[in-house]
Amino acid sequence: MATIAAGCDHGGFSLKTLLIEHLTERGHDVLDLGTYTNERVDYPDFAETVAKSVASGEASFGLLVCGSGIGVCMVANKIAGIRAATIHDVTSAHLSREHNDANIICLGERLIGPEVAKEALDIFLKSEFQEGRHLQRVEKINKIL
Ligand code: RB5
């Protein structure tokens, strides 16, 4: 089971809460890095904290939720070593792992239903990077500062 750093803004608070419960039930260790209420906050603060937790190796994967899944993804991808992907369905969930070795899944609470979100998260965590022809491409991503 993996250690997963989770974070959100007010727009993603309900879905993050539900997904943390789901991950815990499945035996994962979750580091809940906030936000912890519905009060309005700025998503960059939480996305940066989660991304740094993954980049440092404290967590194996990250889960970020905001209203659209877009803002948190933009922030996370500014941190070296992070490959964050905004995911809307199970297909993009497994492709982001298999082809891009994504290490943070970003979801939009206002765009994705809770059941699809749970399934996409499960598939993201189960899928493995396929390496092969994808390896040199990911290495090229990693070299861009
Ligand atoms: C907050 O209203 C909203 O802008 C935020 O959750 C996110 O969707 C930004 O990308």
Side-chain angles (χ1 to χ4, degrees), residues 1-130 134 137-145:
M1 292 294 118
T3 298
I4 297 153
C8 67
D9 70 354
H10 54 288
F13 176 66
S14 299
L15 184 59
K16 185 199 69 167
T17 303
L18 185 142
L19 292 175
I20 287 177
E21 198 181 300
H22 178 73
L23 289 169
T24 306
E25 276 169 11
R26 289 180 174 254
H28 296 290
D29 289 326
V30 181
L31 307 172
D32 185 355
L33 302 178
T35 188
Y36 304 110
T37 70
N38 283 316
E39 196 178 321
R40 194 170 295 268
V41 290
D42 295 330
Y43 61 81
D45 300 330
F46 301 91
E48 181 182 1
T49 305
V50 166
K52 286 184 171 167
S53 173
V54 175
S56 73
E58 179 185 39
S60 318
F61 293 105
L63 163 66
L64 283 168
V65 191
C66 66
S68 64
I70 296 169
V72 287
C73 191
M74 288 181 172
V75 174
N77 277 316
K78 296 198 77 161
I79 305 299
I82 293 305
R83 291 172 303 282
T86 302
I87 296 303
H88 297 288
D89 50 52
V90 294
T91 307
S92 50
H94 72 77
L95 285 175
S96 71
R97 289 285 308 125
E98 291 165 0
H99 289 196
N100 316 109
D101 199 16
N103 48 17
I104 298 187
I105 180 171
C106 303
L107 300 169
E109 179 179 316
R110 296 172 187 156
L111 303 180
I112 194 168
E115 292 307 314
V116 176
K118 281 193 246 175
E119 199 176 346
L121 178 57
D122 288 344
I123 287 183
F124 180 88
L125 294 172
K126 271 189 214 146
S127 301
E128 291 189 1
F129 182 43
Q130 285 177 351
H134 305 295
R137 296 163 185 167
V138 169
E139 283 173 349
K140 285 187 179 186
I141 296 176
N142 293 341
K143 278 189 196 142
I144 300 169
L145 299 175

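Note that ligands are numbered from 1 as they come in the structure, with each ligand's atoms numbered from 1 the same way. Note that the structure is predicted; figures quoted are calculated from it, not measured. The basis for the numbers below is simple: all heavy atoms, side chains too, and nothing from hydrogens, waters or symmetry mates.
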*Asks:* Going by a strict under-4.0 Å cutoff (protein heavy atoms only), does atom 8 (O) of ligand 1 have a neighbour on the protein?
*Replies:*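 Under 4.0 Å from atom 8 (O) of ligand 1, at least one protein heavy atom found.
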
*Asks:* Among the heavy atoms of R110, does any lie under 4.0 Å from an atom of ligand 1?
*Replies:*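 True for this residue.
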
*Asks:* Within the 4.5 Å heavy-atom criterion, are L19 and L107 side-chain neighbours or not?
*Replies:* yes

*Asks:* Salt-bridge test for K52 and E48: reply yes if a basic N is under 4.0 Å from a carboxylate O, no otherwise.
*Replies:*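 Salt bridge present between K52 and E48.
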
*Asks:* For D9, counting its heavy atoms only, list the atoms of ligand 1 lying under 4.0 Å from any of them.
*Replies:* 1 (C), 5 (C), 6 (O)

*Asks:* With atoms numbered from 1 as shown, which atoms in ligand 1 lie under 4.0 angstrom from a non-hydrogen atom of C66?
*Replies:*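 Those of ligand 1 that fall under 4.0 Å from C66 are 6 (O), 7 (C), 8 (O), 9 (C), 10 (O).
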
*Asks:* Taking the non-hydrogen atoms of H10, is any one of them nearer than 4.0 angstrom to ligand 1?
*Replies:*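 Per 4.0 Å heavy-atom rule, H10 contacts ligand 1.
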
*Asks:* What residue and atom, counting heavy atoms only, is the protein's closest point to atom 10 (O) of ligand 1, and at what distance?
*Replies:*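 Minimum-distance protein heavy atom for atom 10 (O) of ligand 1 reads G71 N, 3.0 Å.
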
*Asks:* For S53 and T49, indicate whether the former's side chain and the latter's backbone hold a donor-acceptor pair under 3.5 Å.
*Replies:* no

*Asks:* Can an N or O of S68 be found at a distance shorter than 3.5 Å from an N or O of ligand 1?
*Replies:* yes

*Asks:* Would you give the length of the straight line joining atom CZ of F124 to atom CD of E119, rounded to the nearest 0.5 angstrom?
*Replies:*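 One gets 15.5 Å once the value is rounded to the nearest 0.5 Å.
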
*Asks:* For H134, enumerate each residue passing the ring-ring contact (aromatic ring centres under 6.0 Å, His included) test, keeping only those at least two apart in sequence or located in another chain.
*Replies:* H99

*Asks:* Atoms of ligand 1 less than 4.0 Å from G67 heavy atoms?
*Replies:*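 Here the atoms of ligand 1 in question are 5 (C), 6 (O), 7 (C), 8 (O).
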
*Asks:* Does the pair D9/R40 count as a salt bridge with the N-to-O cut at 4.0 Å?
*Replies:* no

